[in-house]
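Notes follow the structure.
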Amino acid sequence: MDSNPTAAVAFPLNDNVFEGAVVSRRPDVHVIDKLDDGSTFEAVYTPIVVRVDRVHKGGLKAGSEIVLRSMGGVADGVKYVTEEAPAKGTFAKGHKLLVFAGSQEAVDSESTAAVTPHFVYLESGTYLVDATYASGTADDSPASRLSKAEFKVKLRSLKASS
């Protein structure tokens, strides 16, 4: 899936779009989710605590903390690896992010609700850099880089559709 800013804004499953800062990383969690068809999905993720600074779409509140599922890791003897998630270094304490995520919910084996990000952009000076994929982009081209001001113009369309 293309992870450029235009695609991120247009993606229909973004229930929450927000800016925030990484507060902490928790130990990896092994989850098992029973799907509607009766099958199970098993994964490991690193819970990333993010302070919500500004909400562009969804019901999150500025000043609150939310947990992101940073897919991949090792827990309970299970190793889960994916290149289709941001690199763990994206979530260093203090990093400022723009996150496009699904709904905040707990899967079957979780005790607290979290969101799984669809698109993640890391603030770098006056720019936002696409950090959605660990390797850069889905097609291995250089990651998108857009000025924060230009990106905020793209985000205005979310207010009309939320």
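Throughout, numbering of the chain's residues begins at 1 and tracks the sequence.
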* To do: Assess whether atom CG of D36 is packed by more than 12 heavy atoms of other residues, nucleotides or ligands within 6.0 Å.
  => no

* Asked: Can you name the nearest heavy-atom pair linking F119 to D2, along with the distance?
  -> CE2-O, 3.5 Å

* Asked: Under the 3.5 angstrom rule, does the side chain of S124 hit a backbone N or O of Y127 as a donor-acceptor pair?
  -> no

* **Within 6.0 Å of CD in E65, more than 12 heavy atoms from elsewhere** => yes

* Asked: More than 12 heavy atoms of other residues, nucleotides or ligands under 6.0 Å from CZ of F151: is that the case?
  -> yes

* Taking all heavy atoms of P47 and all of V67, pick out the closest pair and write down the distance. => CB-CG1, 3.7 Å

* Please determine if R25 forms a cation-pi arrangement with F91, meaning its NZ or CZ atom is less than 6.0 Å from the six-membered ring centre and no more than 45° off the ring axis. => no

* **More than 12 heavy atoms of other groups within 6.0 Å of K79 NZ** => no

* Contact summary for P5 and Y121, nearest pair of heavy atoms -> N-OH, 3.4 Å

* Would you find more than 12 non-hydrogen atoms of other residues, nucleotides or ligands less than 6.0 Å from K148 atom NZ? -> yes

* To do: Would you please indicate yes or no on a ring centroid separation below 6.0 angstrom for F100 and F11?
  => no

* Asked: V17 versus L98: any side-chain heavy-atom pair under 4.5 Å?
  -> yes

